[in-house]
Amino acid sequence: MLNIGRLGVGVGLVTMSIFVAACHKTTAVSNALDASGQVEVVVPERGAYTGAFMDFGDEEDTVTLETIEDFDQLVGKHQAIIASSSYWGEQRFPTANLNVIWQHGSLPLVFWSPWDRPYEQNRGPDRFSLFEILAGKWDAYIDKWADAARGFGHPMIVVFGNEMNGEWFPWSGKYYGGDEWDPNVHNWKGPENFRRAYRYVVDRVRARGATNIKWMFHTNNYSYPLEVWNFAPSYYPGSDYVDWLGLSVYGQQFKDEPNPGIQSLVDWPYQELCGLDPNKPVMIAEWATGEFPTDPTEPGIHKPEWIKQALELFRTRYPRVRAAVYWHERWQNADQSYSNLRVNSSVESLQAYRDGVANPDWLGNLILRALPKK
C-alpha cells in the first residue's frame, strides 16, 4: 500500500457450501467443512469474493477472531478473503493467524514482504535485499517458511513483494538497476532483478512441497515513476509462476489529494494487467479511500459515492475481477491529521459499503472443491 505517513502496507468445523465441478457446471452440496480435509478454493465463474484487511496492527499480522467477527457484523457480510502480512523481519510463519482465518471459513491472503524493521517506506534495500535473496543468504528462512506453509495444509494466496512498480518499498526496481538495459535478457535491470528473485523464492517454496499456495503477482495501479521501464510487464515473472493477478486501487489518502473516480483509477491498469495473461483471474488486492472534511462545492467524488461506484464497477465493468479486498485502516500523519480509510469513517460511507456488498454477486462464502485423497 502506498502511504508515506505509515507502514507500507477458534477451532472447530465451519459449515460451508462445498462446490463440485462436473461437466463445466458447479453444483452446490451442503456439507460441513472438515478442517483436516484436502480442498481447493474455486475461482467463481460468476460474481467475486469480497474480503478485507482489518487494521491488524503495525506489522499487519495481529489477527484476532474478535476483529474479524466485528468487521463481518459491521458490514453485514461474511468475508471470503482476509488479508494479513508476514514480514521477513519477523522470521516466522504466521500459523496461528492463518488458523484463525481458515477456521472462520475464509481464505488467507498473505503479503510476504522481504522487509526489515523499522518497516519504513522510501529508505531503500535492507538485509533482505533481492541480491541477498538471490545469493542464497535467506534460503534457510525460505525453506522453513515453506515447510510451515505446507504444514498449515489449507489453501492460501501469497504475494511476494507487492506493488513492486512503486518506489516506496525496498524491493522496487528503482533500487536494483532501474532503467539500465540488460541486452542479455532483453529487459531493464531493475524489473529483471525483481523477476529473478520472485522466481527464485517461488521455486524454493514449491520444492518444499507447499502445493496449497496460490501465488499472486500484485502491482500498484499506476507505476511510480510512470516510465515504460517500470510498467508491470517488465516485472512479470511468467504465467507458470502466477495464479492470480492483483491490483492496488487507492483514492484519496491525504487531505491535500484529489479523489478520482474508479474508471480513471482502474481502466488502463486493468487492461495492462489483463494483457499479461489472457486467463488469470484478477483481484483488486487492496482498495480504499479516505474521508476528509470537504467543501460541498469542491470538485471530486466523495467517499460514499466512491465506494458505491467501486462495488458496482468492479463486478460489472471489469469482467475478470473475481475478488476485491478492502483496506480497512486508519492512521495518524506527521502533521497530526488522520487518514481514515475505514468503511465506517462516516455513517454514509458505511451504508454505501453495506449496500454495495449486499449484492448477491459479491460472494461472502468460499466455493470449495474436495481434492482427491493421496
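In this chain, residues are counted from 1 in sequence order. These numbers come from a predicted model, not from an experiment. Just so you know, these numbers use all the heavy atoms, side chains as well, and skip hydrogens, waters and symmetry mates.
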**OP:** Could you check if a side-chain atom of P304 sits within less than 4.5 angstrom of a side-chain atom of Q351, using non-hydrogen atoms only?
**Re:** no

Original post:
For residues Y200 and D139, is any side-chain donor paired with an opposing acceptor at under 3.5 Å?
Top reply: yes

Original post:
Between D361 and R46, is there a side-chain N and carboxylate O pair less than 4.0 Å apart?
Top reply: yes

Subject >> Quiz item: cation-pi between R206 and Y241, 6.0 Å / 45° >> reply: yes

Subject >> Polar contact flag, side-chain donor to acceptor under 3.5 angstrom, Y222-N165 >> reply: no

Subject >> D72/K77 salt bridge by N-O under 4.0 Å criterion >> reply: no

Original post:
Is the shortest side-chain N to carboxylate O distance from K308 to D355 below 4.0 Å?
Top reply: no

Original post:
Just checking, any donor-acceptor pair under 3.5 angstrom between side chains of Y250 and E286?
Top reply: yes

Subject >> Electrostatic pair K255-D335, nearest N-O below 4.0 angstrom >> reply: yes

**OP:** Please examine the side chains of F169 and W115, heavy atoms only from C-beta on, and report whether any two atoms are closer than 4.5 Å.
**Re:** yes

Subject >> 4.5 Å side-chain heavy-atom contact, N221 and V266 >> reply: no

Original post:
With a 3.5 Å cut-off and no angle check, do the side chains of N187 and E192 form a donor-acceptor pair?
Top reply: yes

Original post:
Quick one: are Y318 and D267 in side-chain contact, heavy atoms under 4.5 Å?
Top reply: yes

Subject >> Closest approach of S86 to V110 (non-hydrogen atoms, all atoms of both residues) >> reply: CB-CG1, 3.8 Å

Original post:
Can you tell if the side chain of Y49 reaches within under 4.5 Å of the side chain of W362, non-hydrogen atoms only?
Top reply: no

Subject >> Presence of salt bridge, R342 and E291, under 4.0 angstrom >> reply: no

Subject >> Between F71 and H328, ring centroids under 6.0 Å >> reply: yes

Original post:
Can you tell if the side chain of V158 reaches within under 4.5 Å of the side chain of W145, non-hydrogen atoms only?
Top reply: yes

**OP:** Might you work through the side-chain contact (heavy atoms from CB on, under 4.5 Å) test for W181 and H186, ending with a clear yes or no?
**Re:** CA-CA 7 Å; W181 182 255; H186 302 286; 4.0 Å; yes

Original post:
For residues S84 and N97, is any side-chain donor paired with an opposing acceptor at under 3.5 Å?
Top reply: no

**OP:** Would you please test S345 and K303 for side-chain contact (heavy atoms from CB on, under 4.5 Å) and show each step?
**Re:** CA-CA 9 Å; S345 55; K303 184 169 181 175; 2.8 Å; yes

**OP:** Starting from the C-alpha separation in whole Å, work towards a yes-or-no answer on side-chain contact (heavy atoms from CB on, under 4.5 Å) for R196 and L130.
**Re:** CA-CA 9 Å; R196 289 176 58 223; L130 299 182; over 6 Å; no

**OP:** Evaluate the side-chain proximity of W215 to V159: yes if any heavy-atom separation is below 4.5 Å, no if none is.
**Re:** no

**OP:** Might you point out which heavy atoms bring I213 and A149 nearest each other, and give the distance in Å?
**Re:** CD1-CB, 3.9 Å

Original post:
Got a salt bridge between D147 and K144, using NZ or NE/NH1/NH2 to carboxylate O under 4.0 Å?
Top reply: no

Original post:
Any side-chain heavy atom of S113 sitting closer than 4.5 Å to one from F160?
Top reply: no

Original post:
Any side-chain donor paired with an acceptor under 3.5 Å for W168 and E163?
Top reply: yes

Subject >> Residues D182, K189: salt bridge by 4.0 Å N-O rule >> reply: no

**OP:** Would you tell me whether N162 and S248 have side-chain atoms, one donor and one acceptor, within less than 3.5 Å of each other?
**Re:** no

Original post:
Between R92 and D61, is the closest basic N to carboxylate O distance under 4.0 Å?
Top reply: yes

